[in-house]
Amino acid sequence: MASRRNRKKKERPSPPKTQQIVRVKAPAPPKQPRRASPRQAFSILLPRTFQGRLTVAFVLVFALAVGMVSILTIWVLNADLRGQEETNLEARTNAVAVVVKVRAETAASQSANDYVVSASGVLNDSVSEAIGQSSTLSDYANNVAQADLQLRFGLGTYTSGRVEFIPAVPASTFGAQLTAQPGRGQARDEISYSERFAFADPAGVKPTWYLEVSLSHPYTTRNSTIATVVGFLLIVSLGALVGSIVMARVLATRFTMPLRRLTEAARALADGDLARRVPTDQARTGAAEITELSRQFNTMAEQVEETMEVIRRDRDVGREFLADVSHELRTPLAALRTFNELLQAKAGDDVAARTEFLEASAQQIERLDWLAQNLLELSKLDSGLIRLDLRPDDLRATILSAVEQAQVSATRRGIQLTAELPDEPLVTRHDPQRFGQVMVNLIGNALKFTPRGGSVRVALTPSGRGAAVSVVDTGVGIDPGELPHIFERFYRGSRANEARGSGSGLGLAIVRSVVDMHRGRIKVESRVGAGTTFTVVLPADPRTAPELDPGSSTTPGALGAAVANAAVAAAGGSATSGGNGSRAGSSGSEAKTATAKDGEQPAARKARPAQAATEAPDSGSGKEQGVSGRS
């Protein structure tokens, strides 16, 4: 059965195979080369450099101008010379007419018929014989006409308001060729002149006869003069063309030299040489537009250099900031690790020791939390995420609230804290919460660095259209060398550890940032061992207060210290700290000053070291908001 099925399967006819159609693509026709347009061909012929193109343009303009002037000169000269020759021909034509008239009338008077041309148009035979002599005509042509001569006798009739010439018969036309040798510079000229003369009988008896005198191809100096002038123009034009090429090259080099300097400066700037500039004294040799372009390029290069310097400083500051934060976090973490290890050891069995370690750990945790809050606060201030809630308010209320908040700490420390406020309200537009933070920080600093039995005084006075707030203490003071750095983040002076139990070193950075946002100024005067005075000056309205010049702002650190030392040397013992840096004071016990100017620009603010928020409370004082370390 199986074999039979297999046999049937083999006997079944297989279905016909479908034919596949293969499409063969025809070969693409060869591409014809594109013909360059006249404009492209012209651009290919031009030089590639601007100096070369400028030179070619100068030469072409000069050649076109010289060519047009030469052609116009030749045309005018030719027209003038032709007019002069035609005038000469006219004069000679009149002379020929006079001579022929005399000769014809003389010959007619000696004949039987006393007329030159009869009324019937017949020329007198005597006149024909007298005029028709070849020697006579040749004499007229060579000596009088000085050109090819043709004479025609006849009568004239008026037709349509003009005289129509009727030649005489039988022979009325006489002519002669100019056979005399030309003079120096003379040659045959393709000009001619013809004029008809009417000779009437004074007595009115004889008919009026007409004489047509035609002169052509005279000897003139017109062609030689034009050829001389053309040769002279060619020589002068070639010399001028060579001179124009040299002058065009010099001028093109002079014009393009500032552009080359700009190109070289731009290339150097692109290669990283940010100090490269275009010399302004050399840029003046070009056009006013190129000089202005050079100045704008220098301005742009200065801005790029300043921006890159800000970026470098920001990078360095960021690294320093990370290092400082790491250092600040390492101390409480190390203390917590130590307490944890001790508690895990035998000390954990002692209740008193365990309680002491837990309290110390709680203080370190509070310090970590306070440090984190300060860093976040100052980061928001520097990045511009915090906007001031400016409102017209009485500064007395803000200052009094800060003084009352610090009164407990002052009493515990044995320090007298007083506030001197005016009787009348002193209203300025400010952010009460942020400015209260400034006052809390300044008062907390004063309390921290003032020994027991000292005093801290807060005074509010008008200052121009604004107000001035002073925080005066009788503390340890600030060393002159530390004044340039007191507004830096995490900075701790030599006397900081003597007076500070704990803190983040970010309080004055917060103060300066908030004062800058109010476009105010902060000034520090200090005497070692005699105390310190912080003075904050606020404008009446920060929105209308003048901004600081960004070019006058510098970042703290080495550059700020250099500016500070220069200011100290020039001022003889006083120094100023801008909103973005510090300037050092003088030596000795003289009063030292550091001022933070208002209106610092965002770019400059980013360039200074990161500065963070308020200080943590000192040990045993609890969590007093806003109290910070001085350094």
Side-chain angles (χ1 to χ4, degrees), residues 303 306-307 310 376-402 421-422 424-443 458-471 487 506-524 534-556 576-582 593-608 610-614 625-626:
Q303 294 178 355
E306 291 176 1
T307 303
V310 167
L376 179 61
E377 182 76 10
L378 190 55
S379 176
K380 290 180 180 180
L381 289 173
D382 286 344
S383 61
L385 297 178
I386 296 179
R387 294 188 177 182
L388 297 180
D389 182 16
L390 297 176
R391 65 182 69 176
D393 200 356
D394 189 1
L395 282 174
R396 298 182 304 172
T398 304
I399 296 174
L400 188 60
S401 175
L421 305 177
E424 300 295 330
L426 187 53
V427 179
T428 62
R429 186 175 290 274
H430 65 281
D431 187 334
Q433 180 181 359
R434 296 297 171 187
F435 189 70
Q437 185 180 9
V438 170
M439 297 309 303
V440 168
N441 282 1
L442 293 179
I443 295 174
V458 181
L460 173 64
T461 58
S463 176
R465 298 182 57 185
V469 183
S470 300
V471 178
F487 291 102
L506 303 174
L508 290 181
I510 294 277
V511 169
R512 187 182 60 183
S513 296
V514 175
V515 171
D516 288 345
M517 294 175 67
H518 283 81
R519 295 192 180 174
R521 301 190 309 275
I522 180 169
K523 182 173 65 174
V524 183
F534 282 82
T535 303
V536 177
V537 180
L538 295 180
D541 189 350
R543 300 173 302 177
T544 59
E547 296 185 4
L548 268 181
D549 183 7
S552 64
S553 299
T554 57
T555 59
T576 304
S577 169
N580 55 356
S582 303
T593 301
T595 303
K597 296 184 180 179
D598 60 325
E600 185 182 68
Q601 297 297 317
R605 183 177 299 144
K606 291 181 181 179
R608 65 171 182 254
Q611 303 167 355
T614 56
Q625 291 290 337

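In this structure the side chain of Thr398 reaches within 4.5 angstrom of the side chain of His430, judged on heavy atoms. In this structure, Val469 and Phe534 have side chains that are not in contact, with every pair of non-hydrogen atoms separated by 4.5 Å or more. Between Pro422 and Leu460, the closest side-chain pair of non-hydrogen atoms falls below 4.5 Å. Contact check for Ile399 versus Leu421: side-chain heavy atoms found under the 4.5 Å cut-off.
Residues Gly466 and Leu426 share a closest heavy-atom pair of O-CD1, 4.4 Å. Contact record, Arg429 with Pro542: O-CD, 3.1 Å, taken as the closest heavy-atom pair. The two residues Ala402 and Val440 make their nearest non-hydrogen contact at CB-CG2, 3.9 Å. Of all heavy-atom pairs between Val515 and Ile522, the closest is CG1-N, 4.2 Å.
Atom CG of Asp393 and atom CZ of Phe435 lie 11.5 Å apart (nearest 0.5 Å). To the nearest 0.5 Å, atom CZ of residue Arg519 and atom CG of residue Leu538 are 13.5 Å apart.
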(request) Carefully, step by step, assess Val458 and Ile443 under the rule side-chain contact (heavy atoms from CB on, under 4.5 Å). (result) CA-CA 8 Å; Val458 181; Ile443 295 174; 3.9 Å; yes
(request) Dump the intermediate steps for salt bridge (charged side-chain N to carboxylate O under 4.0 Å, His left out) on Arg396 and Asp394, then the final yes or no. (result) CA-CA 5 Å; Arg396 298 182 304 172; Asp394 189 1; 2.8 Å; yes
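Among residues two or more places apart in sequence or in another chain, the side-chain hydrogen bond (donor to acceptor under 3.5 Å, both in side chains) test is passed with Thr535 by Ser470. Annotation: side chain to side chain contact (heavy atoms under 4.5 Å, CB included) contacts of Ala459 (sequence neighbours excluded): Glu420, Arg457. Here Asp431 pairs with Leu388, Asp389, Gln433, Arg434, His518 under the side chain to side chain contact (heavy atoms under 4.5 Å, CB included) rule; sequence neighbours left out.
With salt bridges taken as basic N to acidic carboxylate O contacts below 4.0 Å, one links Arg543 and Asp541.
Put simply, the side chain of Ser401 never gets that close to the backbone of Ala397: no donor and acceptor are under 3.5 Å apart.
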